[in-house]
Amino acid sequence: MHNSFCITLASALACSMLPMTMVNASPVVVFDPTCHGNVIHTQQEASRDFNYLEFQRNNQTCQLKGKIGGEHQTYINVLGFAGDQFSVSLIEPVEQPGFTISGEGLKVLPTADKTFQVIEIEARQTFFSIEVFGYPYAEYKMIIQKH
């Protein structure tokens, strides 16, 4: 079952109760098999990929690999609830990809390392977005963990 209606916060909450089968990410993002249960929706556009994750059913660390470049950008949107804390690590080979964290109802804690961010959820519920970018081209490995 592909949960294509899981794009709003309310429907994402409802989707967390549904049984999940294999969810295909975009060809430029590959999720480790241990976190396929975290993926609630994927959407591809010409130069953007959107992936939605939740950690309520599967609290394991989620690892993914991707390719990025030029105008193409990847967005990883993570569902969080008040008091949740997440970390995002970018393991970069040589190409120097980057990422930014955005969203409402959250606090991004300062770190000295630009490849590691800690996010605290302050709102009752919210999605935060991880935007991955690189120019002219980059491959990356990312680790998202709920603490």
Short question: side chain of [X], backbone of [Y] - any donor-acceptor pair under 3.5 Å?
{"X": "R57", "Y": "G37", "result": "yes"}
{"X": "N58", "Y": "T34", "result": "yes"}
{"X": "T74", "Y": "D49", "result": "no"}

Handout entry: E122: partners by salt bridge (Lys or Arg N to Asp or Glu O under 4.0 Å), with sequence neighbours left out
Key =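 Partners of E122 by the salt bridge (Lys or Arg N to Asp or Glu O under 4.0 Å) criterion, ordered by chain and then number, come out as K107.
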Exercise for the section: Quick one: do H147 and S87 satisfy side chain to side chain contact (heavy atoms under 4.5 Å, CB included)? Show the steps, please. Expected result: CA-CA 8 Å; H147 300 277; S87 63; 2.8 Å; yes
Exercise for the section: Please test F55 against Q145 for side chain to side chain contact (heavy atoms under 4.5 Å, CB included), starting from the C-alpha separation and ending with a verdict. Expected result: CA-CA 9 Å; F55 285 83; Q145 184 173 10; over 6 Å; no
Handout entry: Remaining members of the apolar cluster that contains L109, side-chain heavy atoms under 4.5 Å
Key = F116, V118
Completion exercise
Paired with I143, the side-chain contact (heavy atoms from CB on, under 4.5 Å) test is passed by just one of L90, T61, V88, L64, namely T61
Euclidean distance, [Y] [atom2] relative to [X] [atom1], rounded to 0.5 Å:
{"X": "F99", "Y": "K114", "atom1": "CZ", "atom2": "NZ", "result": "10.5 Å"}
{"X": "I144", "Y": "N38", "atom1": "CD1", "atom2": "CG", "result": "8.5 Å"}
{"X": "Q73", "Y": "R48", "atom1": "CD", "atom2": "CZ", "result": "4.0 Å"}
{"X": "N51", "Y": "I76", "atom1": "CG", "atom2": "CD1", "result": "4.5 Å"}
{"X": "D32", "Y": "Q63", "atom1": "CG", "atom2": "CD", "result": "5.5 Å"}
{"X": "Q125", "Y": "L79", "atom1": "CD", "atom2": "CG", "result": "8.0 Å"}

Practice task
For residues Q117 and I130, determine if any side-chain heavy atom of one lies less than 4.5 Å from a side-chain heavy atom of the other.
Solution key: no
Exercise for the section: Kindly work out whether a path of hydrophobic side-chain contacts (I/L/V/M/F/W/Y, heavy atoms less than 4.5 Å apart) joins F50 to F127. Expected result: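 Result: yes, single cluster for both.
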Practice task
Answer yes if I101 and L53 sit in the same cluster of Ile, Leu, Val, Met, Phe, Trp and Tyr residues linked by side chain heavy atoms under 4.5 Å apart, and no otherwise.
Solution key: yes
Handout entry: Aromatic plane relationship, Y52 with H41 - under 30° parallel, 30 to 60° tilted, over 60° perpendicular
Key = tilted
Practice task
Check the pair Q56 / D84 against side chain to side chain contact (heavy atoms under 4.5 Å, CB included), numbers first and verdict last.
Solution key: CA-CA 10 Å; Q56 301 308 308; D84 287 350; 3.8 Å; yes
Identify the heavy atoms of [X] and [Y] that sit nearest to each other, and give their distance.
{"X": "G105", "Y": "T126", "answer": "O-CG2, 4.2 Å"}
{"X": "C62", "Y": "F31", "answer": "SG-CD2, 3.9 Å"}
{"X": "I40", "Y": "E54", "answer": "CG2-CG, 3.5 Å"}

